[in-house]
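Written below as structure tokens is the structure these notes are about.
Per chain, numbering begins at 1; letters A, B, ... match sequence-line order. The structure presented is a predicted model; accordingly, all values stated were derived computationally and were not measured.
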There are 2 protein chains.
Amino acid sequence: MMKLTPQRQAILDIINASHRHWDADELARAMSDAGQSIGIATVYRGLAALESQGLIDSIQLADKKRYESADKAHHDHMVCTECGHIEEFSHQTIEQLQLAAAEEKGFTLTGHQLVMFGLCRQCNQAQGT
Amino acid sequence: MMKLTPQRQAILDIINASHRHWDADELARAMSDAGQSIGIATVYRGLAALESQGLIDSIQLADKKRYESADKAHHDHMVCTECGHIEEFSHQTIEQLQLAAAEEKGFTLTGHQLVMFGLCRQCNQAQGT
DNA sequence: TGATGTAACGATAATCGTTATCATGCTCAA
DNA sequence: TTGAGCATGATAACGATTATCGTTACATCA
């Protein structure tokens, strides 16, 4: 069982207090800005520890991994390729169909990640201008 | 319009002649083994060029990008976290539900990627032993 | 109380996939 | 033939992440 150190608690608090998807660097900067500087390696280790305990969730994007609060039901993500905005959505039926598809192939699912790319509503409109 | 140079043709041939999902390094090694050595930068540029022409497809996994033939209908992937085996599957209904979910959020979809993780049939059995 | 063991910390080096740089080479149209 | 323009390949650079290693915090036990 991991130790919930002050640093890890702080990371967890930051993530839980927001609706954002954070990367390691942003978290280190946020803590630094709050006067509590932290080593970047500690951030990575803390995130891994928190995630392994199920205290936070993550999505792996092409470039980097981002973390969010685990205080929500499972959901997937739409990422705006223009502004980086991340929209969440969940779809019961999609989940079920995934499970069925896995079973059909003999796979025991441990996880999945569905990421959709496109333009968000705002960037759509900006585009149209 | 890009130039389909001998190097790019060779990359395309290797990919099309197989059912595998290749990364840049494997392709460079395959060509080297075949007596036609190639610079790694050329591989990356070639892959990007071929993909932008729709001649090959790719999936972005956590660690690296992998390329496969575009000679097939769209499909998604199941990746075995034990042995790396990649299984393909396609599901019309999932696709449609994704589109609908995007529309609902005001997103204009340009692409998506669904990757499921788990144990393949073989690793499942090995596990049980 | 003090020794000891364990795990976390933080600075920094290392790793690894990928991209940028730059000098050189090929090809095709003028 | 020339030269513009793109491709090549060696290699440096980059960025996210992980490994290393000496140090530190803390709990346990004699």
Rounded to whole Å, the CD1-C1' distance (B/Ile38 to C/dG25) equals 15 Å
note: A/Leu4, atom CG; D/dC26, atom P; distance rounded to Å ~ 13 Å
Here the distance between atom P of C/dG17 and atom OH of B/Tyr67, to the nearest Å, is 13 Å
Picking from D/dT20, C/dA20, D/dA16, the nucleotide nearest the side-chain atoms of A/Lys64 would be D/dA16
Per atom distances to the B/Tyr44 side chain, the nearest of C/dT21, C/dG10, C/dT19 is C/dT19
Rounded to whole Å, the CG-P distance (B/Asp63 to C/dC16) equals 12 Å
A/His112/A/His74 aromatic ring centres below 6.0 Å: yes
Considering only heavy side-chain atoms of B/Lys3, the closest of D/dG9, D/dT20, D/dA7 is D/dA7
Ring centers of B/His21, B/His77 separated by less than 6.0 Å | yes
Regarding the side chain of B/Met2, the nearest nucleotide among D/dA7, D/dA16, C/dC9 is D/dA7
Item to complete: Classify the nucleic acid contact of B/Asp25 as base, sugar-phosphate or nothing, counting any heavy atom under 4.0 Å across all strands shown.
Response: nothing
Quick note, A/Thr5 side chain, CB onward, closest among C/dA8, C/dG10, D/dG9 is C/dA8
Whole-Å distance, A/Leu47 CG to D/dT17 P, equals 9 Å
Between B/Ala41 and A/Gly39, the residue closer to the 5' end of DNA chain C by nearest nucleotide is A/Gly39
B/Arg45 CZ to C/dT19 P, in whole Å, measures 11 Å
Winner on side-chain proximity to B/Lys65, out of D/dT17, C/dT18, C/dA8, is C/dT18
In whole angstroms, the gap separating C1' of D/dT18 from CD of A/Gln60 amounts to 14 Å
| B/Arg8 near the nucleic acid: base, sugar-phosphate alone, or nothing, with a heavy-atom cut-off under 4.0 Å? | sugar-phosphate
Open item on the list: When you measure from the side chain of A/Lys105 to the backbone of B/Glu88, do you find a donor-acceptor pair of N or O atoms at a distance under 3.5 Å?
Closed with: yes
To the nearest angstrom, the CD-P distance between A/Gln7 and D/dA25 comes to 11 Å
Looking at B/Asp23, is its backbone amide N or carbonyl O close enough to the side chain of B/Glu26 to form a donor-acceptor pair, meaning the two atoms are under 3.5 Å apart? yes
The nucleotide from C/dA8, D/dT8, D/dT17 with an atom nearest the side chain of B/Thr42 is D/dT8
>> If the threshold is 4.0 Å, N to carboxylate O, is there a salt bridge linking B/Arg121 and B/Glu87?
In response: no
